[in-house]
Amino acid sequence: MLAKLNRIHGRNVFKRILRSGKTVRSDQVSLNYSPTRGKNLKAAVVISRKVAKSAVKRNRIRRRIYEVVRKNYLPLDLKHNLIFMVYSEDINLLSHDELVDRLDGLMKKAGLM
């Protein structure tokens, strides 16, 4: 799980990132990003109830994405806020390597890697 220090909390922070940040989309996930005012990378995962009715499925997707962020992006010492918005429940069916490839593709599109 991603440490509390590296998670985004608060409605105002979300609004600021969505308003002033940039967006990169794929067919299943979008990435909203902006430079952070702090020293650390911060991330959040947003999954609507419309995407997956079951809280168990939504939480599993969230945990999987947080794990990819923790293992692959924290060591890069990025100073950005990242919000991953999930649009398809099919992301739950991807293997770990496929999920990493999808998220890496978004990060490369955004110019963060």
Side-chain angles (χ1 to χ4, degrees):
M1 189 68 169
L2 201 59
K4 189 173 184 178
L5 173 72
N6 298 111
R7 284 184 271 159
I8 298 173
H9 295 286
R11 184 175 226 91
N12 291 332
V13 178
F14 273 93
K15 284 182 180 179
R16 182 173 34 90
I17 294 168
L18 294 175
R19 188 175 350 104
S20 65
K22 297 179 182 176
T23 304
V24 179
R25 288 188 63 127
S26 74
D27 57 341
Q28 296 175 332
V29 183
S30 73
L31 169 64
N32 295 305
Y33 62 98
S34 70
T36 185
R37 296 178 180 173
K39 302 174 188 175
N40 302 327
L41 170 106
K42 292 191 178 258
V45 179
V46 179
I47 307 167
S48 170
R49 195 178 305 150
K50 292 178 183 178
V51 172
K53 294 287 184 196
S54 170
V56 173
K57 290 180 184 177
R58 290 193 308 272
N59 289 336
R60 183 167 190 264
I61 293 168
R62 187 174 291 115
R63 284 193 308 267
R64 290 181 71 201
I65 293 176
Y66 275 143
E67 187 65 14
V68 171
V69 170
R70 185 181 70 83
K71 283 189 173 184
N72 296 346
Y73 307 139
L74 280 181
L76 296 178
D77 199 33
L78 297 172
K79 292 176 175 49
H80 280 79
N81 293 319
L82 308 175
I83 298 177
F84 293 94
M85 291 191 174
V86 179
Y87 295 112
S88 174
E89 187 178 0
D90 296 336
I91 202 160
N92 206 10
L93 303 175
L94 298 176
S95 70
H96 179 73
D97 293 333
E98 291 172 337
L99 180 61
V100 169
D101 290 341
R102 295 277 169 100
L103 298 182
D104 281 350
L106 285 174
M107 295 291 281
K108 287 177 184 172
K109 249 190 210 181
L112 299 176
M113 285 183 63

To the nearest 0.5 Å, what is the distance between [atom1] ([X]) and [atom2] ([Y])?
X: L103; Y: L31; atom1: CG; atom2: CG; value: 8.5 Å
X: E89; Y: S54; atom1: CD; atom2: OG; value: 8.0 Å
X: R63; Y: R70; atom1: CZ; atom2: CZ; value: 13.5 Å
X: L41; Y: L112; atom1: CG; atom2: CG; value: 9.0 Å
X: M113; Y: L106; atom1: CE; atom2: CG; value: 11.0 Å

Do [X] and [Y] share a hydrophobic cluster (ILVMFWY, side-chain heavy atoms under 4.5 Å, transitive)?
X: Y66; Y: F14; result: no
X: V13; Y: F84; result: no
X: L99; Y: M107; result: yes
X: Y73; Y: V100; result: yes
X: L78; Y: V68; result: yes

Minimum heavy-atom distance between [X] and [Y], given as atom pair plus value:
X: P35; Y: N81; result: O-ND2, 3.9 Å
X: N40; Y: T36; result: O-CG2, 3.5 Å
X: R25; Y: K109; result: O-NZ, 2.9 Å
X: S34; Y: G21; result: CB-CA, 3.8 Å
X: T23; Y: S30; result: CG2-CB, 4.5 Å

Could you go through L94 and Q28, starting from their C-alpha distance and side-chain angles, then the distance that decides it, and tell me whether this counts as side chain to side chain contact (heavy atoms under 4.5 Å, CB included)?
CA-CA 11 Å; L94 298 176; Q28 296 175 332; 3.7 Å; yes
Parallel, tilted or perpendicular, judged at 30° and 60°: which one describes the rings of H80 and Y33?
tilted
State plainly whether the residues E67 and R64 are in salt-bridge range, i.e. N to O under 4.0 Å.
no
Answer yes when D104 and R102 have at least one side-chain N-carboxylate O distance shorter than 4.0 Å, and no when they do not.
no
Quick one: does I65's side chain get under 4.5 Å of V86's, heavy atoms only?
yes
Does the pair L74 and L2 meet the rule for a side chain to side chain contact (heavy atoms under 4.5 Å, CB included), with working shown?
CA-CA 10 Å; L74 280 181; L2 201 59; 3.8 Å; yes
Counting only N and O atoms by type, is there a donor-acceptor contact under 3.5 Å from the side chain of R7 to the main-chain atoms of A43?
no
Among N92, I47, V46, find the residue that satisfies the side-chain contact (heavy atoms from CB on, under 4.5 Å) test when tested with R58.
I47
